[in-house]
Enquirer: 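Before I ask anything, let me first share the structure, which is written out below as structure tokens.
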Amino acid sequence: MHDGRFDPGGFYEFNLSGGTIRTRTRERVIVLSEAVLSSLVAAAARDGDLTPLRRLGELLGNHVLSGLDRPASVLSPDAVLGHVSAVTALFGWGRLTFERWGAALVIALRDKPELDEDDLGAAALLGGMFSEISQRQVSCVPTGDSKFVMVDFEVAETVWGWFKDGADLPAIVGMLQPKRAS
Amino acid sequence: MSDREDRLKSLLDKVRAKRPGERATQAADVLQRIRTASGAVPAVETAPATPPPAAIESPISSDFPTQLPAAPLSEPDTSPAIDSPTRYSSQPPRVERPLSVEPRARSASPASGAPSGPISSAPPRPSSGAPRAPSSSPVRRPDSIRTQSVAPTGQPIVYATDEPEFPRPKTFGDLLELTLSLRPR
């Protein structure tokens, strides 16, 4: 029976003679300084292509799923979100917490690497991770103060436009409403 | 000659009458030193006329004090011997009571009127079970300021900054459905 807790023991395997680091899912990873990653992400953001970071998020989501004994959709929110926070921390992406603003799920990512001014790199990472976990196209739109509102892929551009026009998180949540079942 | 010298001289005579040996010599020494110190005798006369005491074969034990007191020995203390340890006061130390449990406020008669502290600042006291009567004492200190407000029913008011509670999803799938169903108004 899954107890809902994440076990970080043996997550990384260091092979000093081979010069490799692998996760417990046998995936090879490398240690990268924040400064180097920041310049790479900034360049990607300027080019408008954050696919590599979204891909990295999907890999993190895959680690989350590998730690669950059942599909995420049937587990409690606390169990899934606890694993998400643990995997995010293990990869050094900061302290991830969740808030509910009405019907909206908001992700707060504190102490994250400073990658780009608009937090688009972190948004791409989170979007890829939750897309992998939920098996749906999910977007996490920056709303300032290291917070991201999770919305459907189709409305992400609209919400991002609200934020760029000066709307804060309460205003953005107030402009959203659940779609009524037809 | 001063009074002190007179006293010493008479004492010296007494001692000399009893013990003509060492004590007389030492008393003479003391008397000579006093005179020298007071300037009554030239310094050349301060040398003792007799050999030093150590050179005299004395019948007195070496444990015996060799110095003559400058004043008559005082009478032995007549107070009774100590037969018990010192007893300290058994009274407990006086401690300033916290204002919140000030007993004077409870014992005071209900007064006319207006509560002395903030109207809704005092939380209910489970120990007493009764509301505290306001004190009429002019020296009563004001109640301490409490950060928690209390409703008229006695229940503390908690100010929440959270949004109104929505139905809590039971599964992560429900949570995702809810947030992904959001659309612009």
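Predicted, not measured: the structure shown is a model, and the values here were computed from it. What's counted below: heavy atoms across the whole structure, side chains too, no hydrogens, waters or symmetry copies.
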Enquirer: Distance from B/Arg183 atom CZ to A/Asp152 atom CG, nearest 0.5 Å?
Expert: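 So the gap between those two atoms works out to 4.5 Å.
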Enquirer: Quick one: pull up CZ in B/Arg185 and CE in A/Met175 and give me the separation to the nearest 0.5 Å.
Expert: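 One gets 10.0 Å once the value is rounded to the nearest 0.5 Å.
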Enquirer: Please classify the contact between A/Met150 and chain B as side chain, backbone, both or neither, with a heavy-atom cut-off of under 4.5 Å.
Expert: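 Both backbone and side chain.
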Enquirer: Checking heavy atoms, do the side chain of A/Glu154, its backbone, both or neither come under 4.5 Å from chain B?
Expert: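 Answer is side chain: those atoms of A/Glu154 sit under 4.5 Å from chain B.
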Enquirer: Given heavy-atom pairs under 4.5 angstrom as the criterion, report whether the side chain, backbone, both or neither of B/Leu182 touches chain A.
Expert: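 Looking at B/Leu182, backbone and side chain both touch chain A.
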Enquirer: Does any backbone or side-chain atom of A/Val74 lie under 4.5 Å from a heavy atom of chain B? Answer side chain, backbone, both or neither.
Expert: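 The backbone, not the side chain.
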Enquirer: Consider only side-chain heavy atoms of I, L, V, M, F, W and Y, link residues closer than 4.5 Å, and tell whether A/Leu59 and A/Leu50 are in one cluster.
Expert: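 Different hydrophobic clusters.
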Enquirer: Any chance OH of A/Tyr12 has more than 12 other-residue heavy atoms, nucleotides or ligands included, within less than 6.0 Å?
Expert: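 Enclosed: over 12 neighbouring heavy atoms sit under 6.0 Å from OH of A/Tyr12.
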Enquirer: Output, in order, the C-alpha distance, side-chain angles, deciding distance and verdict of salt bridge (charged side-chain N to carboxylate O under 4.0 Å, His left out) for B/Glu177 and A/Lys179.
Expert: CA-CA 10 Å; B/Glu177 285 294 334; A/Lys179 182 174 63 177; over 6 Å; no
Enquirer: List the atom of A/Leu176, the atom of B/Pro184, and the distance in Å for their closest heavy-atom pair.
Expert: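 That would be CD2-N, 3.8 Å.
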Enquirer: How far apart are the closest heavy atoms of A/Pro77 and B/Leu175, and which atoms are they?
Expert: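 Minimum heavy-atom contact is CB-CD2, 4.0 Å.
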Enquirer: Side-chain heavy atoms under 4.5 angstrom apart, residues restricted to Ile, Leu, Val, Met, Phe, Trp, Tyr: same cluster for A/Val80 and A/Phe98?
Expert: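 Result: yes, single cluster for both.
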Enquirer: Can you check whether A/Leu105's main-chain N or O pairs, donor with acceptor, with B/Thr179's side chain at less than 3.5 Å?
Expert: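 Yes, B/Thr179 side chain to A/Leu105 backbone: donor-acceptor pair under 3.5 Å.
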Enquirer: What pair of heavy atoms forms the shortest contact from A/Arg100 to B/Leu178, and how long is it?
Expert: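 Smallest heavy-atom distance, with atoms named: NH2-CD2, 3.3 Å.
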Enquirer: Just wondering, do A/Val151 and B/Leu180 contact through their side chains at under 4.5 Å, heavy atoms?
Expert: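 A side-chain contact under 4.5 Å is absent here.
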Enquirer: Please output the residues of residues 114-135 of chain A in contact with chain B, using a heavy-atom cutoff of under 4.5 Å, in numerical order.
Expert: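 Listed by number: A/Phe130, A/Ile133, A/Ser134.
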Enquirer: Name, in order of residue number, those residues of residues 13-49 of chain A that have a heavy atom at a distance of less than 4.5 Å from a heavy atom in chain B; otherwise write 'none'.
Expert: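 So far as heavy atoms go, nothing in residues 13-49 of chain A approaches chain B to under 4.5 Å.
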